[in-house]
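Here the structure is laid out as C-alpha cells; the discussion comes afterwards.
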Amino acid sequence: MTVRVRFAPSPTGALHPGSARTVLFNFLFAHREGGTFILRIEDTDRARLGEGSLESILEGLRWLGLGWDEGPDVGGPHAPYFQSERLEIYRDHVDRLLEAGSAYPCFCTRERLDALRQEQQKAGRPTRYDRLCAGLPADEVSARVEAGEPHVVRMRVPAGKTTVPDLVRGDLEFDNGSQDDQVILKSDGYPTYHLASTVDDHLMEITHVIRGDEWLASSPKQVMLYAMLGWSPPAFVHLPLVLGPDRAKLSKRHGAAAVLEYRDMGYLPQAMNNFLALLGWSPGTEQEFYDLEGLSRAFDLKRIQTSPAVFDQAKLDSVNGLHIRAMPVAELAAALRPFVPDLPDDLLLKATPLIRERIQRLTEAGPLLGFLAHRPTQLPDDIVPKLKEASREEAAGQAVTALQAVRRLFDSGPLGPSLEEPMRKAAAEIGWKAGDLFMTTRIALTGSRVTPPLLESAALLGQAECLVRLDYAIQEVGRRA
RNA sequence: GGCCCCAUGGUCUAGUGGUUAGGACGUCGCCCUUUCAAGGCGAAGAUCGCCGGUUCGAGCCCGGCUGGGGCUACCA
C-alpha cells in the first residue's frame, strides 16, 4: 500500500505556524515513505471564505518549499481538489446514508437549537441535539422536503463504542453517547467538514490522516461515517497542539502571524521547517540542525510527541542563525536582497560574509549595513572616547588629532585589514588604546557603535567615501573641542 | 457542565525498571577580540506535577488526585 496523505486547509485565513507544522509532517511522511502528498481545499463554508486566503496559503506553502503532488494548480487523478466543486459527490453519499437510515433530515430552526443548547447548558447537561426530527414518519419527511422546507441532514449516531485508530496514541475508544448527531449536510446544500473530508479521504485513497489534536474529539464521528458507508477508516495521527507562550493554542492573538509574515520578519524557510519539525517531533538523536532532505530521511511517525509544545521564538531565532551561517554566500546574499533595497548587488555580495556571523534574522542586515548606502548624519557623543584625566573638550581635541591620523593612513594606500598595524601604531603615538581609535573611526565612518569589522567595512566604502566621512567627522568633533 | 488529550529545568526535548536524569534554546560568567557577533569553556536552573500501588529497585508500569489544554456550530 503506497502512502497517500493530505493537507486540507480551509481558505478562511492565512497559513499559520501550527498549520504549517501539520503540512510539514504530512510532507515529510509522504517523502519518507515515497508516498503522495495531496493538497485539498475545504471551501465548504461560503460565509467564512476569506478574500485572498487561498492565494496566501498556497504562497506560504511554496515559500516553505512544501510542494504537493496532487491538488490545485497541478491537478491529479482525483480532481477536482476543491470541495466546492464536488457537491454532487457529497450529495450522492448523503443520499446513501439517508436510504440506509444512517442519516435523517432535520427541520429544526436555529432558534430552537440555540434555545435547546442554552437550556442544556443551564441544566448542566451535555449539549446535544435532542433528536426531535430523528423519528419523523417517512411520509411527513418527504412531504416537508418536497414542500421546500429548509432542512439539514444529520448523521444518526448509533449506540455502542467507536475506536479511533491513532498511530501515535494507540487505539482510542469513545462511547458513542459522547457524540452528537452531527449535521453532515447544511441547508445550503454544502456538506460539513466531517462528511466532506470522510468522503474525500476515502475517494482520494488517503491512507493516513495526519492533523491537529483539535480534531481528536470529533474523530469518532468520522470513523462512524466510514462504517456507515461500508469503508474502512485510514490510520489517524493527531499532532500535539502548538501553543503560545500562555500555553493556549497558538493563534493570531499571540501575534503569531501568518507564515508569510515570518518570511517578512527575516526568517529562512529552511529554518522555519527545521524549527517546526522539532515542535512535537524528535529524531531521538542529538542532531538538531536539519534541512528538508535530512528531515525527510529522519522522519518517523512513531517519534511524534503526545504532549503540546510551546512555540518559542527565541529558539526559532537561534535555528535561523544556524541556517544563515550554513548558507553559501551567494545564496545568503540573494536571501538578503529584499531586506537591503538600497544596496547595489555587488556591494551586498561583498558585505554578506561580513554580517553572516552577526545576524539571526535577515532583517538585521539593514541596520548593520545601512552605513554603506547612507552617510551618518548625526555622530553620537561616544565618537569621543572617555579618557582618563581628560575633560570632554580635551578628549574631543585628541579625537580630532586621532581622526586626522586615520585620515592620513586611509589617504596613503589601499584600505583593508593590512591597515590594522598602522592603526595600532597611530593609537600608540597619541597615547590611545587601540580599541578607542577603532571605535572613534568606526563611528566616524558608520555613525554606529555596532558594525561589521572596521577595516573591511572601510574597504567596502571605498577610499574617497571614507575620506569624505572622516573630514565630516573631524569637523563635527572639532566643534565639540 | 460533558467528552477527550496531556504532564522531565523558563522553553523544545533524550530517556522506555538500575543513568552523576543527557542535549539544545534562553540566562549568567570566563576566554578569544577593533565594536557586535560567531566560536570555545564553564555555571546556575529538575524533590522527573502530587499521592498511593506494583517491584529488591520507578521519570519509565498501574490507580487516584491536581493542574493545563482541546472539543462541545447548519466553522473547519
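These figures come from a predicted structure and were not determined experimentally. In the text below, chain A, chain B and the rest are named by the order of the sequence lines, each starting its count at 1. Basis for what follows: all heavy atoms, side chains included, without hydrogens, waters or symmetry-related copies.
- Across all strands shown, nothing is found opposite B:A37 as a Watson-Crick or G-U wobble partner with both distances under 3.5 Å.
- Atom CZ in A:Phe174 sits roughly 12 Å away from atom P in B:C3 (whole-Å rounding).
- Nucleotides B:G63 and B:G26 place their P atoms 40 Å apart, quoted to the nearest Å.
- Partner assigned to B:G1 is B:U72, using Watson-Crick or G-U wobble distances below 3.5 angstrom.
- Here A:Ala309 lies in heavy-atom contact (under 4.0 Å) with sugar-phosphate atoms only.
- Shown here, B:G45 forms no base pair; nothing in the strands shown gives a Watson-Crick or G-U wobble contact with both key distances under 3.5 Å.
- Using a 4.0 Å heavy-atom distance criterion, A:Gly212 is classed as making no nucleic acid contact.
- Considering only side-chain atoms of A:Leu216, the nucleotide from B:C4, B:C12, B:A38 that sits closest is B:C4.
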(request) Assess whether ring-ring contact (aromatic ring centres under 6.0 Å, His included) is satisfied between A:His323 and A:Phe289, documenting all intermediate values. (result) CA-CA 8 Å; A:His323 282 270; A:Phe289 182 86; 4.2 Å; yes

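- Across the C1' atoms, B:G39 and B:C32 are found 8 Å apart, a figure rounded to whole Å.
- Comparing B:G9 with B:A44, their C1' atoms are spaced 10 Å from each other, to the whole Å.
- Distance check on atom C1': B:G49 versus B:A38 gives 39 Å, rounded to whole Å.
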(request) Spell out protein contact along nucleotides 69-76 of chain B as letters: B when the base is contacted, S when just the sugar-phosphate is, - when no protein heavy atom is under 4.0 Å; keep the 5' to 3' order. (result) SBSSSBBB

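- Taking atom CZ of A:Phe311 as the reference point, atom P of B:U13 lies 13 Å away to the nearest angstrom.
- Across every strand in view, B:U19 sits unpaired, with no contact that passes the Watson-Crick or G-U test at under 3.5 angstrom.
- A ring-centre distance under 6.0 Å is found for A:Trp215 and A:Tyr193.
- Rounded to whole angstrom, the span from the CZ atom of A:Arg169 across to the C1' atom of B:A7 amounts to 12 Å.
- Distance, A:Leu279 CG to B:A24 C1': 13 Å, rounded to whole Å.
- Rounded to whole angstrom, the span from the CD1 atom of A:Ile304 across to the C1' atom of B:C5 amounts to 15 Å.
- Separation of the A:Trp281 and A:Phe299 ring centroids falls under the 6.0 Å cut-off.
- Among A:Thr192, A:Thr198, A:Val199, A:Ile184, the single residue meeting the side chain to side chain contact (heavy atoms under 4.5 Å, CB included) criterion with A:Tyr90 is A:Val199.
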Review item, nucleotides 31-33 of chain B N/O atoms under 3.5 Å of protein N/O:
none

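- For A:Arg40 and A:Phe7, the positive end is not near the middle of the six-membered ring at less than 6.0 Å and at most 45° from its axis.
- The gap from the C1' atom of B:G18 to that of B:U55 amounts to 12 Å, rounded to the nearest Å.
- Across all strands shown, B:G59 forms no Watson-Crick or G-U wobble pair with both distances under 3.5 Å.
- When the C1' atom is compared between B:C6 and B:C50, the two are found 16 Å apart, to the nearest whole Å.
- Between A:Arg169 and A:Asp213 a salt bridge is recorded (basic side-chain N to carboxylate O distance below 4.0 Å).
- Look at CD on A:Gln287: it is 17 Å from C1' on B:C25, rounded to the nearest Å.
- Counting only N and O atoms by type, the side chains of A:Arg117 and A:Thr127 include no donor and acceptor under 3.5 Å apart.
- Judged by the 6.0 Å and 45° rule, A:Arg408 forms no cation-pi pair with A:Phe410.
- The side chain of A:Gln305 places an N or O atom within less than 4.0 Å of a non-bridging phosphate oxygen (OP1 or OP2) of B:A14.
- Mapping A:Thr285 and A:Ser178 onto RNA chain B by nearest heavy atom places A:Ser178 at the nucleotide closer to the 5' end.
- The shortest distance between the side-chain N/O atoms of A:Ser219 and the OP1/OP2 oxygens of B:C4 is not below 4.0 Å.
- The distance from atom CD of A:Glu286 to atom P of B:C12 is 18 Å, rounded to the nearest whole Å.
- The six-membered or imidazole ring of A:Phe275 lies near that of A:Phe311, with a centre-to-centre distance under 6.0 Å.
- Side-chain to base pairing of A:Glu288 with B:G23: one donor and one acceptor N or O lie within less than 3.5 Å of each other.
- In the set B:C36, B:G26, B:C5, B:C36 carries the atom at the smallest distance from any side-chain atom of A:Val450.
- A:Thr163 and A:Asp171 share no side-chain donor-acceptor pair at under 3.5 Å.
- The closest side-chain donor-acceptor pair between A:Tyr81 and A:Asp200, if any, does not fall under 3.5 angstrom.
- A:Arg303 comes within contact range of the sugar-phosphate backbone alone, with a heavy-atom separation under 4.0 Å but no base atom that close.
- Within 4.0 Å of A:Leu454, counting heavy atoms only, lies at least one base atom of the nucleic acid.
- Put simply, CG on A:Leu239 is 14 Å from P on B:C6, counting in whole angstrom units.
- Closest approach to the A:Asp312 side chain among B:A14, B:A24, B:U11 is made by B:U11 (side chain taken as heavy atoms from C-beta onward).
- Using P as the reference atom, B:C60 and B:G52 are 14 Å apart when rounded to the nearest Å.
- Checking B:A24 for Watson-Crick or G-U wobble geometry (two distances, each under 3.5 Å) identifies B:U11 as its partner.
- Here the separation of B:G22 from B:A14, taken at their C1' atoms, is 6 Å to the nearest Å.
- The listed nucleotides are B:C3, B:A14, B:A38; the one nearest the side chain of A:Arg325 is B:A38.
- Relative orientation of the A:Tyr262 and A:Tyr267 rings is tilted, given thresholds of 30° and 60° on the angle between their planes.
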(request) Evaluate the criterion salt bridge (charged side-chain N to carboxylate O under 4.0 Å, His left out) for residue pair A:Asp130 and A:Arg125; output intermediate values, then yes/no. (result) CA-CA 12 Å; A:Asp130 62 359; A:Arg125 282 184 291 128; over 6 Å; no

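- Look at B:G67: its Watson-Crick or wobble partner, with both distances under 3.5 angstrom, is B:C6.
- Among B:C5, B:G2, B:C36, the nucleotide with an atom closest to any side-chain atom of A:Arg358 is B:C36.
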